[in-house]
Participant: 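Following this message is one structure expressed as structure tokens.
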Amino acid sequence: MKLADVAATSTSLAATSSRIAKRRLLAALLLRTAPEEVPVVARYLAGELRQRRTGLGWRSLSGMPSPAAEASLEVLAVDAAFERMAGLAGPGSAGARTAIAAELFAAATAEEQNLLRGLVAGELRQGALDSLLLDAVAEAAGIPAAAVRRAAMLAGATEPVAEAALLAGSPEAALAALEGFGLAVGRPVRPMLAASAPDVAAALAGFEGREVAVDAKLDGIRIQVHRSGDDVRVYTRSLDDITDRVPDLVEVVRRMPVQAAVLDGEAIALDASGRPRPFQETAARSATSDAEVAAAVGLTPFFFDVLHVDGTDLLDAPLTERLAVLDRIAPGSVVERVVTADVAVAEAAFAGWVAAGQEGVVVKDTAAGYEAGRRGSAWVKVKPRHTLDLVVLAVERGSGRRRGLLSNIHLGARDPDGGFVMLGKTFKGMTDEMLAWQTARFGELAVEDDGWTVRLRPEQVVEIAFDGLQRSSRYPGGLALRFARVLRYREDKTAAEADTIDTVRALAAPAGD
DNA sequence: TTCCGACAGTGGGGTCGCAAT
DNA sequence: ATTGCGACCCCACTATCGGAA
């Protein structure tokens with residue numbers, strides 16, 4: 001298959017907003033794809049390259065040759081080119097990589113270049129990614145979408161499932177082939193995700209008075225651990241294998257009284273008293289492959305679910321049953337939990353854990369199975385929320401559907417000694433109406449424009465919600481907001497009434513930096 | 001007919017490792 | 001030695017489509 005066929009489909013996808021039409025386009029192309037090309041074409045349609053890391057990014061693509069007039073590229077040849085780039089390392093590799101990319105781009109038409117840029121940058125913007133592709137695979141194979149989804153979630157990947165379903169020959173054979181994608185120890189599944197609620201009462205309200213499990217939510221990194229005998233593998237949320245970087249986690253799981261298990265949990269750095277360290281320390285520890293750092297800062301696993309134990313799959317077992325198994329096999333390594341139907345009890349647990357340095361709670365349906373890859377309503381997270389009234393110092397032009405609008409705002413706290421201290425940026429929480437309003441408003445306040453960032457007279461106050469403060473080397477106050485989002489613009493306050501940097505510092509102090 | 005679940009999009013800060021400067 | 005880039009941890013929120021109610 002020509003890359004041009006994929007590029008044309010991508011263009012058509014972007015041109016319609018109908019999901020049914022998108023599904024049809026995807027299915028049509030999959031049906032025209034040769035068997036050996038299915039893994040590549042499926043990946044490209046989902047907006048990704050097959051290579052996890054190519055070393056080529058958005059920045060490296062500036063200065064690529066102008067497009068070719070005629071389409072000539074074959075998808076397998078393109079995949080091979082990226083494979084060569086991914087294999088490069090050492091001095092001179094960046095130049096060699098750019099050379100391969102330049103050759104590729106020189107052979108690509110304008111439409112193909114668009115596709116390639118989108119794939120490299122991970123921003124295809126065709127309105128269809130992995131989920132819609134799975135639906136299209138189901139349509140092309142003539143089988144229910146649920147079967148394809150479940151297989152992909154358990155396989156931890158779409159391509160092998162697409163391949164099996166499309167090459168089966170008949171719907172019956174396809175369904176039978178997908179049955180083979182059960183949970184396998186040693187092959188990570190997509191983790192179950194949580195929806196969110198503003199507070200504990202709202203989270204419990206969704207369960208209509210039934211008993212729920214309320215887990216402490218730890219501010220670390222998600223881990224999925226597979227054990228088979230003495231072989232232990234540790235995977236991240238995106239199913240990256242990080243076993244080599246986390247020997248302390250491997251040791252804990254090796255000591256468990258089981259032969260085989262698949263566990264879901266969180267790894268976190270603790271201080272000497274067992275209190276959670278700031279997320280930044282857990283992140284630094286889990287990202288490094290430096291053995292000295294790894295030895296100096298310990299990581300501790302805390303599990304909250306179990307998907308398999310000694311030959312028994314627990315995916316479809318109710319949470320209550322899974323927790324009973326977990327408590328038996330992982331004593332001392334289980335996330336703190338209360339089981340209750342009482343809002344007051346849940347709220348007290350939330351307050352206690354937050355005071356102890358945890359991130360919040362996850363409220364769980366005790367009857368639900370483990371819904372791999374889904375962000376359903378069976379798990380609901382709640383975190384404390386802080387707010388500040390800050391001043392907009394500048395605004396950046398938006399892209400994509402925000403093109404032509406002033407989007408990403410720079411946030412500053414008032415400095416009592418004069419001026420403002422920038423604490424971060426945000427583009428979150430804005431409705432289309434707010435975007436239109438702020439585009440007009442900031443046009444009035446503009447004092448300088450470099451074509452991307454518009455500097456403003458510091459007059460507009462905005463109420464910002466955020467999860468906490470973190471150490472920053474980027475911003476002058478040494479502090480940055482974590483997960484900042486807009487709640488509302490405050491037209492009842494002047495910049496002189498905005499919160500001060502002293503208030504922000506006082507908020508940060510208890511965190512222990 | 002209305003409601004709501006699921007998806008895609010729009011980007012945020014921080015961290016590491018690596019290659020280039 | 002420092003800087004820039006790529007990759008990947010953590011992530012919130014809104015608009016939209018289309019099936020469910």
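Just so it is clear, the model here is predicted, and its values are computed rather than measured. Convention: sequence-line order gives letters A, B, ...; per-chain numbering from 1.
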Participant: Rounded to whole Å, please give me the gap between CG in A/D290 and P in B/dC18.
Facilitator: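 Spelled out: CG on A/D290 to P on B/dC18 is 11 Å.
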
Participant: Does a side-chain N or O of A/S131 approach OP1 or OP2 of B/dC7 to a distance below 4.0 Å, or not?
Facilitator: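 So the side chain of A/S131 is within the cut-off, an N or O lying under 4.0 Å from OP1 or OP2 of B/dC7.
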
Participant: Report the base-pairing partner of C/dT14 (Watson-Crick or G-U wobble, both distances below 3.5 angstrom), or none.
Facilitator: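 Pairing partner: B/dA8.
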
Participant: Assign A/K425 to base, sugar-phosphate, or nothing according to its heavy-atom contacts below 4.0 angstrom with the strands shown.
Facilitator: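 The answer is sugar-phosphate, as A/K425 gets under 4.0 Å only of primed atoms, P, OP1 or OP2.
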
Participant: Tell me the interatomic distance from A/L411, atom CG, to B/dG12, atom P, rounded to whole angstroms.
Facilitator: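 Distance, rounded to whole Å: 11 Å.
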
Participant: When the nearest nucleotide of DNA chain B is assigned to A/S473 and to A/S399 on a heavy-atom basis, which residue is associated with the more 5' position?
Facilitator: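 That would be A/S399.
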
Participant: CD of A/Q280 versus P of B/dT15: gap in Å, rounded?
Facilitator: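 From A/Q280 CD to B/dT15 P: 4 Å.
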
Participant: Rounded to whole Å, how long is the line connecting atom CZ of A/R474 with atom P of B/dG12?
Facilitator: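 Spelled out: CZ on A/R474 to P on B/dG12 is 9 Å.
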
Participant: Should the pair A/R50 and A/Y44 be classed as cation-pi, given the thresholds of under 6.0 Å to the six-membered ring centre and 45° from the axis?
Facilitator: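 So A/R50 doesn't make the cation-pi contact.
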
Participant: Hey, are A/S18 and A/T16 close enough side-chain-wise for a donor-acceptor pair under 3.5 Å?
Facilitator: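 Short answer, no.
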
Participant: Distance-only, no hydrogens or angles: does the A/S286 side chain make a donor-acceptor pair with backbone N or O of A/T282 under 3.5 Å?
Facilitator: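 Between the backbone of A/T282 and the side chain of A/S286 there is a qualifying donor-acceptor contact (under 3.5 Å).
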
Participant: Spell out, as yes or no, whether a donor-acceptor pair under 3.5 Å connects the side chain of A/R375 to the backbone of A/G373.
Facilitator: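 No, the answer is negative, given that no donor and acceptor are paired below the 3.5 Å cut-off.
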
Participant: Round to the nearest Å and state the distance from A/D467 atom CG to B/dG14 atom P.
Facilitator: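 Result: 14 Å.
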
Participant: Counting the atoms with a prime plus P, OP1 and OP2 as sugar-phosphate, which does A/K381 contact under 4.0 Å by heavy atoms, base, sugar-phosphate, or nothing?
Facilitator: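 Here A/K381 touches the backbone only, sparing every base.
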
Participant: What heavy-atom pair brings A/I223 and A/P301 nearest, and what distance separates the two atoms?
Facilitator: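 Answer, listing the atom of A/I223 first, then A/P301: CD1-CB, 4.0 Å.
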
Participant: At 4.0 Å (heavy atoms only), tell me whether A/R53 reaches a base, stays on the sugar-phosphate, or touches nothing.
Facilitator: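 It contacts sugar-phosphate atoms only.
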
Participant: With A/D135, which of A/R23, A/R149, A/R19 fulfils side chain to side chain donor-acceptor pair (under 3.5 Å)?
Facilitator: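 The side chain to side chain donor-acceptor pair (under 3.5 Å) with A/D135 is passed solely by A/R149 among A/R23, A/R149, A/R19.
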
Participant: For DNA chain C, which residues of residues 235-243 of chain A approach it to below 4.0 angstrom with any heavy atom?
Facilitator: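 Result for residues 235-243 of chain A: A/T236, A/R237, A/S238, A/D240, sorted by number.
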
Participant: I need the A/M192 CE to A/L307 CG distance, nearest 0.5 Å.
Facilitator: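 Reported value, rounded in 0.5 Å steps: 10.5 Å.
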
Participant: Distance alone, cut at 3.5 Å: any donor-acceptor contact between the side chains of A/Q438 and A/Y489?
Facilitator: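 Looking only at side-chain atoms, A/Y489 and A/Q438 do form a donor-acceptor pair, the distance falling under 3.5 Å.
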
Participant: Starting at the 5' end of DNA chain C, which residue's closest nucleotide do you reach first, A/T54 or A/S196?
Facilitator: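 Closer to the 5' end of DNA chain C: A/T54.
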
Participant: Can you identify which nucleotide, out of B/dG11, B/dG13, B/dT15, has its nearest atom closest to the A/A284 side chain?
Facilitator: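 Closest of the options to the side chain of A/A284: B/dT15.
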
Participant: Looking at every strand, decide which applies to A/A484 at a 4.0 Å heavy-atom threshold: base, sugar-phosphate, or nothing.
Facilitator: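 No contact at all - A/A484 keeps every heavy atom at 4.0 Å or more from the nucleic acid.
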
Participant: Between A/G127 and A/S377, who's closer to the 5' end of DNA chain B by nearest nucleotide?
Facilitator: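 Mapping each residue to its closest nucleotide by heavy atoms, the 5'-most match is A/S377.
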
Participant: Relative to the 5' end of DNA chain C, which residue comes earlier, A/S18 or A/T431, by the nucleotide with the nearest heavy atom?
Facilitator: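 Counting from the 5' end, the first nearest nucleotide belongs to A/T431.
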
Participant: Would you say CZ of A/R490 has more than 12 non-hydrogen atoms from neighbouring residues, nucleotides or ligands within 6.0 angstrom?
Facilitator: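 It does: A/R490 CZ has more than 12 such atoms within range.
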
Participant: To the nearest Å, give me how far apart CE (A/M85) and C1' (B/dC18) are.
Facilitator: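 Answer to the nearest Å: 18 Å.
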
Participant: Atom CH2 of residue position A/W437 - does it have more than 12 heavy atoms of other residues, nucleotides or ligands inside 6.0 Å?
Facilitator: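 Yes, the 6.0 Å shell around CH2 holds more than 12 heavy atoms from other groups.
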
Participant: What is the nucleic acid contact for A/S289, judged by heavy atoms within less than 4.0 Å: base, sugar-phosphate only, or nothing?
Facilitator: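 Touches sugar-phosphate only.
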
Participant: Is the CZ atom of A/R385 crowded by more than 12 outside heavy atoms at less than 6.0 Å?
Facilitator: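 No, CZ of A/R385 has 12 or fewer neighbouring heavy atoms, counting only those of other groups under 6.0 Å.
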
Participant: With no hydrogens and no angle check, just 3.5 Å: does a side-chain donor-acceptor pair link A/T9 and A/S12?
Facilitator: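 There is no such pair between these side chains.
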
Participant: Check nucleotides 19-21 of chain B against the protein and report each pair of N or O atoms closer than 3.5 Å, with its distance, or say if there are none.
Facilitator:
residue, atom, partner, partner atom, Å
B/dA19, OP1, A/G90, N, 2.3
B/dA20, OP1, A/G92, N, 3.3
B/dA20, OP1, A/A94, N, 3.4
B/dA20, OP2, A/G92, N, 3.0

Participant: What is the first contacted nucleotide of DNA chain C and what is the last, in 5' to 3' order, if contact means an atom lying under 4.0 angstrom from a heavy atom of chain A?
Facilitator: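 Nucleotide range with atoms under 4.0 Å of chain A: C/dC5 to C/dG19.
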
Participant: What's A/S286 touching, base or sugar-phosphate or nothing? Going by heavy atoms closer than 4.0 Å.
Facilitator: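 It contacts nothing in the nucleic acid.
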
Participant: How many whole angstroms separate atom CG of A/L129 from atom P of B/dT10?
Facilitator: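 Whole-Å distance recorded here is 11 Å.
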
Participant: Any side-chain N or O of A/Q470 less than 4.0 Å from the OP1 or OP2 oxygen of B/dG14?
Facilitator: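 A/Q470 to B/dG14 OP1/OP2: no side-chain N or O under 4.0 Å.
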
Participant: Just how far, in rounded Å, is P of B/dG12 from CG of A/N408?
Facilitator: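 Atom CG in A/N408 sits about 4 Å away from atom P in B/dG12.
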
Participant: Within the 3.5 Å criterion, strictly below it, is a donor on A/D290 or A/T288 matched to an acceptor on the partner's side chain?
Facilitator: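 Per modelled atom types, A/D290 and A/T288 side chains form no pair under 3.5 Å.
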
Participant: Students often get this wrong, so: under 4.0 angstrom with heavy atoms, is A/Q126 touching a base, only sugar-phosphate, or nothing?
Facilitator: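 Here A/Q126 touches the backbone only, sparing every base.
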
